Protein chains: 4
Amino acid sequence: MASFFSDHKNHPANVICELCRLFYDNNWVTGTGGGISIRDVDGENPDIVYIAPSGIQKERLHPKEMFVAELPDKILRSPNEDNEKEPLSLDLAANFKYKPLACTPLFLSIYNLRDAGACIHTHSQNAVLATMIWEDKLVFEMNNQEQIKALPKLEMNVATGKIEKVGSLHNHETMVIPIVDNTPLEEDLTETLEATLKKYPGATAVLVRRHGIHVWGENIWKAKIYNEAIDYLLELAIKMHQNGIPLIKD
Amino acid sequence: MASFFSDHKNHPANVICELCRLFYDNNWVTGTGGGISIRDVDGENPDIVYIAPSGIQKERLHPKEMFVAELPDKILRSPNEDNEKEPLSLDLAANFKYKPLACTPLFLSIYNLRDAGACIHTHSQNAVLATMIWEDKLVFEMNNQEQIKALPKLEMNVATGKIEKVGSLHNHETMVIPIVDNTPLEEDLTETLEATLKKYPGATAVLVRRHGIHVWGENIWKAKIYNEAIDYLLELAIKMHQNGIPLIKD
Amino acid sequence: MASFFSDHKNHPANVICELCRLFYDNNWVTGTGGGISIRDVDGENPDIVYIAPSGIQKERLHPKEMFVAELPDKILRSPNEDNEKEPLSLDLAANFKYKPLACTPLFLSIYNLRDAGACIHTHSQNAVLATMIWEDKLVFEMNNQEQIKALPKLEMNVATGKIEKVGSLHNHETMVIPIVDNTPLEEDLTETLEATLKKYPGATAVLVRRHGIHVWGENIWKAKIYNEAIDYLLELAIKMHQNGIPLIKD
Amino acid sequence: MASFFSDHKNHPANVICELCRLFYDNNWVTGTGGGISIRDVDGENPDIVYIAPSGIQKERLHPKEMFVAELPDKILRSPNEDNEKEPLSLDLAANFKYKPLACTPLFLSIYNLRDAGACIHTHSQNAVLATMIWEDKLVFEMNNQEQIKALPKLEMNVATGKIEKVGSLHNHETMVIPIVDNTPLEEDLTETLEATLKKYPGATAVLVRRHGIHVWGENIWKAKIYNEAIDYLLELAIKMHQNGIPLIKD
């Protein structure tokens, strides 16, 4: 079994740590909420997936704290196996047991149904507030914004049955993000999420009401761009709402 | 007497400095307001408590500027004993005398009544503004938010008479944070705080009107998570109020 | 052909990277939106222009990812020529092709019509929101603010036919920034931009509705100051609007 | 003549650079607005004053770019004397001439009338917006906030005719900051400022309408605390106003 770690700054385990620090500064993963998973799409085995642990200070994550799984759902490596506690992110009680992110089943669904290369989950206040301002809506919609161009145009390829990226959205097109209701347990969202992924083939994100957002992409850098662009648009939408400006312009 | 200092990044005196810099960037301890105290729960003597000094630039704190006490209330070490002024956080006048945080009696009450491992006090504007928006309330209440899951479920163990953590709150449960009125002198809050700690066994924080918030936890990393999650929820609550969204959803 | 790179921190390719990181932190270039171009005004050939690539994480840019052009519009160097992918900003797929910023034609127009030394384009939410709050206006106008003094006073020199900086605006003078409508393709803005540059000789910036802002100056440091001052004023204007304070005071 | 520079991080020229970077991140000195001056109160000659230059990127300042004066008003050293341009903050045109901050006469008045140890001037939007929200007021007043305790209680000593710090304000006391109208030239504010300093002996700051704020203290660390605490209170006051909460509570 090859090593799951590397000194290279672009290795998935290292990128998760770098981006968790960035997301922490953006107020997206405070209180250990949210997380990141990366599929090793350029590696020897593109079914290998790295997943951040649950309940750990996101800005202090260490690469050796990652879980490693193989798609569809086999855990290959747990940080609990590591005897070397010292370099990790904090002083852990002797009986501490790492757990993967509670949203791991959702990440695995997204990998399997969408052939994604990375999944991002945040508790961004822009996402949470938007789902409450537009509480009676099942989708968040917005058009005529330049930033929409950062998002992918996704279409079902009827020949392969797979959803493929066929370009980028135009600025005058409408970005559509479905909104699903929250559940008491994060894993109970899986069924709803899977139905939503099928119902909205054009979506690269799902909002979870009073909870946050899931965003995915063909690799981590694209997923990061989509997440940033959507959060920018959600923030702008809330300001537009407060200034009486409609989100849709014909 | 063992040394109260160490090069290890997770030593209490070093963690106080690291977190004070972080809290400064969050606008929680500007103008030297607020502070942190850590109990050495994993050390040889778990009754040893580190306390930041009063009136010093929080983002420039040096570990040797800490006071060290032994519970219930004995000061073991003062930074005034240190002859080596050079490495400290700023040029101090020759007659400068360090004082421990004015809220030290409150921290000691929390350690003694709640068996806490760390206490955080901030002047967060979210906390202060919330106590004024809901000026006629004696408790701040909010439910149906995913971020509530980051908070502990605390219950009185009738056998031991101690308050114990029995899990985490569910997202649909109601977070309750008591609000007490401010007093001219910070130490005069002690009696009110102690009565509140007894009246609200489920609380892991107390808001002080027109002043800030006190948050505690079983260790500094948990206290940090609780403080971040509560501040996130207070910020969200203010935005909800401004958008006409009630904090409680049945 | 001389090298287009240098270790000097003030070399154009390095300054673009430094400022893109700064602009990223300001939320001006999230989701890879916006960009910077610098003309080597102090170099051997002042017609050499450095242009950031399109669609790359702005906070992770590497100097070798820059395009280099010679005015009026000849591309001298593309990062695709570089065989050394390793030190660049991210793991690039083998078939990845760099493209210069989509707004490159706009930058070249500004260099040619205004003899500028640097061009900045951001997706600042202050800019975008202002164009929607004042949706029926063709210019954004504001006066009686000290920060206006940071902006240049520009006048047409009838002898040379060139626009020249004759000093700074006074705080009681009115800053005028034209607003143009967005187009589906960024290059289609060129004609509108050129007409606007001619119609408003006193402008050092143009707002693009529901898109962002273009700012230029005699060198990158001046362009940076103008961009910061304008963004500050747009942010202030939005707050004034929300508090019912008019932007123009007689 | 002794050197005006040192490697010590707490040397006035170095502290100005450190704090200008911090203030830049706080959005207080964007677009090169605002600045800092420090009097060498602990040095051999406490009448030596360091003053930042005008129009330079505040976050990139170099200690050798400082002007040095001797009170009451003699310039001892100009950065233009320095032949070594390389290590400075940016590529300067060969004919560039440094100028001290335009508010230097105001700083000198404060040093002479108040025996201050440091002066801070910012273009904080909280300060500017407050002077417009309360446009008909000649003073900004606020009470019953814990953060008020960070501010000094100043009184005229009738024996010496000097204003002295006699302690700190209580949280229930009223902080009073006079507001003066802006003038086209910054130096024309001097007369108004001097009259205001005499009329309000208890003030440690003056707001300039549609411009910013001047704050001073017995040394730079105290001036920094006062400036942070006042900005915090101005920010809070604006939020209170937006939520219909009066600034004065009896």
Side-chain angles (χ1 to χ4, degrees), chain A residues 21 24-25 27-34 54-60 62 85-94 96 102-103 121-136 181-186 188-189 207-214 235 237-239 241-242, chain B residues 6 8-12 14-15 18-19 22 25-27 38 40-43 117 126 142-151 168-173 215 217-247 249:
Chain A
R21 277 192 299 273
Y24 180 83
D25 289 339
N27 209 21
W28 289 341
V29 294
T30 41
T32 82
S54 169
I56 301 289
Q57 318 284 332
K58 291 292 184 290
E59 78 281 15
R60 279 183 138 237
H62 189 279
K85 296 264 177 183
E86 185 57 28
L88 302 191
S89 64
L90 47 84
D91 270 341
L92 298 165
F96 181 88
C103 55
H121 173 45
T122 83
H123 286 190
S124 161
Q125 294 212 355
N126 297 320
V128 174
L129 190 59
T131 67
M132 292 190 286
I133 289 177
W134 294 283
E135 189 147 31
D136 54 337
D181 282 332
N182 201 18
T183 51
L185 291 179
E186 204 144 2
D188 293 346
L189 275 172
L207 284 158
V208 183
R209 210 176 305 275
R210 294 172 173 268
H211 181 152
I213 192 166
H214 285 270
E235 181 183 347
I238 292 167
K239 293 177 187 168
H241 173 73
Q242 287 166 341
Chain B
S6 152
H8 194 293
K9 70 170 180 169
N10 286 330
H11 183 275
N14 300 337
V15 169
E18 175 187 333
L19 294 184
L22 179 69
D25 289 340
N26 285 350
N27 209 21
I38 297 180
D40 195 14
V41 283
D42 294 324
N126 297 320
M142 192 170 185
N143 71 3
N144 277 295
Q145 297 293 345
E146 183 70 10
Q147 196 75 8
I148 288 174
K149 283 184 179 171
L151 297 173
S168 297
L169 288 178
H170 290 296
N171 59 326
H172 56 272
E173 288 184 300
V215 183
E218 56 269 42
N219 59 51
I220 182 60
W221 303 110
K222 290 294 183 185
K224 172 176 175 287
I225 291 173
Y226 303 158
N227 180 55
E228 282 180 7
I230 292 170
D231 200 75
Y232 170 105
L233 289 162
L234 290 167
E235 180 183 348
L236 186 62
I238 292 166
K239 293 177 187 169
M240 290 170 72
H241 173 73
Q242 286 166 342
N243 284 282
I245 303 165
L247 304 192
K249 182 171 179 286

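The basis for the numbers below is simple: all heavy atoms, side chains too, and nothing from hydrogens, waters or symmetry mates. Chain letters run A, B, ... following the sequence lines, proteins first, then strands; residues in each count from 1. These figures come from a predicted structure and were not determined experimentally.
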Can you confirm whether [X] sits close enough to [Y] that some side-chain heavy atom of one is under 4.5 Å from a side-chain heavy atom of the other?
| X | Y | result |
| --- | --- | --- |
| A/R60 | B/N10 | yes |
| B/N243 | A/Q242 | yes |
| B/E146 | A/V208 | no |

[X] versus chain A, the contacting section by heavy-atom distance below 4.5 Å:
| X | result |
| --- | --- |
| B/E173 | neither |
| B/H170 | neither |
| B/I245 | side chain |
| B/E18 | side chain |
| B/L151 | neither |

Contacting moiety of A/E135, where chain B heavy atoms sit under 4.5 Å:
side chain
Tell me, side chain or backbone of A/I238 under 4.5 Å from chain B's heavy atoms, or both, or neither?
neither
[atom1]/[X] to [atom2]/[Y] distance, rounded to the nearest 0.5 angstrom?
| X | Y | atom1 | atom2 | result |
| --- | --- | --- | --- | --- |
| B/K224 | A/T32 | NZ | OG1 | 9.0 Å |
| A/N27 | B/N26 | CG | CG | 7.5 Å |
| A/T30 | B/I230 | OG1 | CD1 | 12.0 Å |
| A/R210 | B/H172 | CZ | NE2 | 13.5 Å |

Quick test of your reading of the model: are B/E228 and A/K58 salt-bridged, counting only N-O distances below 4.0 Å?
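Here B/E228 does not pair with A/K58 in a salt bridge, since their nearest N and O are not under 4.0 Å apart.
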If only atom types and distance count, is the side chain of B/Q147 paired as donor or acceptor with the main-chain N or O of A/G33 below 3.5 Å?
no
Where do B/K149 and A/T183 come nearest, in terms of heavy atoms and distance?
NZ-O, 4.4 Å
Which atom pair, heavy atoms only, marks the closest approach of A/G31 to B/A150?
O-CB, 4.0 Å
B/K222, B/M240, B/E235: which one forms the most heavy-atom pairs within less than 4.5 Å of chain A?
B/E235
Side chain to side chain contact (heavy atoms under 4.5 Å, CB included) partners for B/S6, two or more places apart
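Side chain to side chain contact (heavy atoms under 4.5 Å, CB included) list for B/S6, sorted by chain: B/H8, B/H11.
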By side chain to side chain donor-acceptor pair (under 3.5 Å) - contacts of B/D231 (at least two apart):
B/W28, B/S124, B/N126
